[in-house]
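As the structure is a prediction and not an experimental result, all values here were calculated from the model. Reckoned from all heavy atoms, side chains included, excluding hydrogens, waters and symmetry mates. Residue numbers count from 1 along this sequence.
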Amino acid sequence: MSKQAIVFDRVSKTFPKASKPSVNETSLEIGQGSFVTILGASGCGKTTLLKMVNRIIEPSSGTISIFGKDIRQQPLTELRRSIGYVIQQIGLFPHMTIEQNISTVPEILGWDREKIKSRVKELMELVHLPESFSKRYPHQLSGGQQQRVGIARAMAGDPEVLLMDEPFGAIDAITRGKLQDDFKQIQQQLGKTVIFVTHDVEEALKLGDKMIVMNEGTIQQYDTPLRILEQPANEFVSRLVQADDLFQRLHLIRAEDSMIALDGHDPADAGQYPRLPAGASLKDALQLILKHGVPYVVIESVNGQPLGKITMANLYSVEGG
Ligand SMILES: Nc1ncnc2c1ncn2[C@@H]1O[C@H](COP(=O)(O)OP(=O)(O)OP(=O)(O)O)[C@@H](O)[C@H]1O
Ligand SMILES: [Mg+2]
């Protein structure tokens, strides 16, 4: 697991006529199987960073390697096929059915019909889309469903690396929470390496094993979500993630007063998720969630009975004041 999947070595990108670089002297190592989220204000260089990995944008200087191999030393088509890419605006092919959209890469790779068919079926199940959608066109699906297709399509050729640019951007909070949980689970199951761009602090903290905070083309901090909250590298990071505010607020609230009911599907009883006593604070809950990278913690009574759970969404719905 210590293998490096993606390495940036002093990579810069300055667009023609630009007065300053969009990505500036960036070095970065991303381990295999790692889920890295990138957070930063609009225009700070997130998409540019991502697009350099599959050479949609060529760096002005520096080197990017994937599994030890300089990406310039691989045929472009081969490189692109080995990387799943979910673009910022979904980008499904409008005149192709869902099935055809998902099979794009397998078709190019020349898989036989039966293999493609079963791959599409498997992927649609994976992203929880009904099989009956396969003959529909993208405009006949909701935005959230289209984003699921985009994810399935990116995964179709079984790439080791997935680049995702605000993939859940246009989705309501509830569907989004579900998609996040599903996708994180899929990623962990399959051991894919993911770079995931988002504007949403909660999403970045929740999904990332590690998180990059960017500002004006420069990485401000690359660390675990918990360390970013607890030890922001500078004023910019601290303001962006608002850790002080968040911790102060959460520290004052008992987990018991903010938990939600466990439903039948929760494997809480199996003891799979970390537990906290009812009197613990929400700050304790947040720290535990981030430390273990789990979707929620279980709140238990003094005699060890599960009482409810605290999720990231709970923590972020707590009002200030
Ligand atoms: N093809 C291009 N030509 C010239 N400048 C560009 C080009 N693409 C991006 N830029 C500039 O580079 C900077 C970084 O853009 P980028 O798309 O990487 O930002 P971003 O962090 O993804 O922003 P957002 O959150 O809005 O998607 C911006 O100032 C942008 O205007
Ligand atoms: Mg962008």
Side-chain angles (χ1 to χ4, degrees), residues 30 33-40 46 86 127-128 144 147-148 151 162-214 221-232 237-238 240-243 245-247 249-250 253 255 258-260 262-263 265-268 272-276 281-299 308-319:
I30 295 177
S34 183
F35 195 132
V36 175
T37 52
I38 306 185
L39 186 71
K46 304 180 296 297
V86 182
V127 297
H128 300 288
Q147 292 203 312
R148 284 168 192 255
I151 293 167
L162 280 162
L163 309 176
M164 307 178 78
D165 202 346
E166 304 190 38
F168 308 147
I171 295 186
D172 70 89
I174 293 168
T175 312
R176 188 175 183 149
K178 178 89 178 69
L179 261 178
Q180 289 168 343
D181 292 343
D182 288 350
F183 183 67
K184 178 85 181 178
Q185 204 182 5
I186 291 168
Q187 183 266 344
Q188 284 173 337
Q189 266 168 22
L190 303 179
K192 303 293 182 194
T193 306
V194 177
I195 311 185
F196 184 110
V197 170
T198 177
H199 272 124
D200 180 341
V201 181
E202 179 191 336
E203 184 168 75
L205 293 167
K206 173 177 166 179
L207 290 178
D209 311 318
K210 285 182 110 183
M211 189 169 148
I212 291 170
V213 179
M214 269 184 93
Q221 190 166 3
Y222 175 40
D223 222 325
T224 64
L226 187 57
R227 281 181 59 99
I228 284 186
L229 282 181
E230 290 183 339
Q231 294 168 41
V237 176
S238 158
L240 191 69
V241 299
Q242 294 193 321
D245 277 13
L246 181 69
F247 278 149
R249 232 158 54 217
L250 296 182
I253 301 166
S258 200
M259 67 189 179
I260 52 177
L262 292 161
D263 64 44
H265 303 294
D266 287 324
Q272 213 162 317
Y273 292 132
R275 293 183 168 217
L276 273 179
S281 77
L282 287 185
K283 182 180 171 185
D284 301 325
L286 175 61
Q287 285 170 317
L288 212 56
I289 287 173
L290 292 176
K291 183 163 165 231
H292 294 281
V294 289
Y296 59 83
V297 291
V298 176
I299 306 307
K309 64 178 176 179
I310 301 283
T311 67
M312 275 295 245
N314 281 134
L315 297 168
Y316 273 80
S317 61
V318 172
E319 295 296 324

Query raised in the report: So how far is it from L162 CG to I151 CD1, rounded to the nearest 0.5 Å?
Result: 9.0 Å

**Report entry** Within-4.5 Å side-chain heavy-atom neighbours: I195 and I30
**Finding:** yes

Query raised in the report: Does a side-chain heavy-atom distance below 4.5 Å link Y222 with V213?
Result: no

Report summary line: I289 and T311 have their tightest heavy-atom pair at CD1-C, 4.1 Å

Query - Heavy-atom closest pair, residues F168 and E203 - result: CD1-OE2, 3.3 Å

Requested in this report: Answer yes or no on whether K210 is positioned over the face of F35, meaning its NZ or CZ is under 6.0 Å from the six-membered ring centre and within 45° of the axis.
Outcome: no

Query raised in the report: Among V297, L276, L226, which one satisfies side chain to side chain contact (heavy atoms under 4.5 Å, CB included) with Q287?
Result: L226

Report summary line: Hits for side chain to side chain contact (heavy atoms under 4.5 Å, CB included) against Q185, two or more places apart or cross-chain, chain-then-number order -> Q189

Exam field: side chain [X] to backbone [Y], donor-acceptor pair closer than 3.5 Å:
{"X": "K46", "Y": "L39", "result": "no"}
{"X": "Q242", "Y": "V201", "result": "no"}
{"X": "R275", "Y": "V298", "result": "no"}

Report task. Kindly determine whether T198 and E166 satisfy side chain to side chain donor-acceptor pair (under 3.5 Å), including the steps that lead there. Result -> CA-CA 5 Å; T198 177; E166 304 190 38; over 6 Å; no

Query - Pair K291 + D284: basic N to acidic O under 4.0 Å - result: no

Report task. Considering only NZ, NE, NH1 and NH2 on the basic side and carboxylate oxygens on the acidic side, decide whether D200 and K206 come within less than 4.0 Å. Result -> no

Requested in this report: Fit a plane to each ring of Y296 and Y273, take the angle between them on a 0 to 90° scale, and name the class: parallel (under 30°), tilted (30 to 60°) or perpendicular (over 60°).
Outcome: perpendicular

Query raised in the report: Hey, mind stepping through M312 and E202 against side-chain contact (heavy atoms from CB on, under 4.5 Å) and telling me if it holds?
Result: CA-CA 7 Å; M312 275 295 245; E202 179 191 336; 4.3 Å; yes

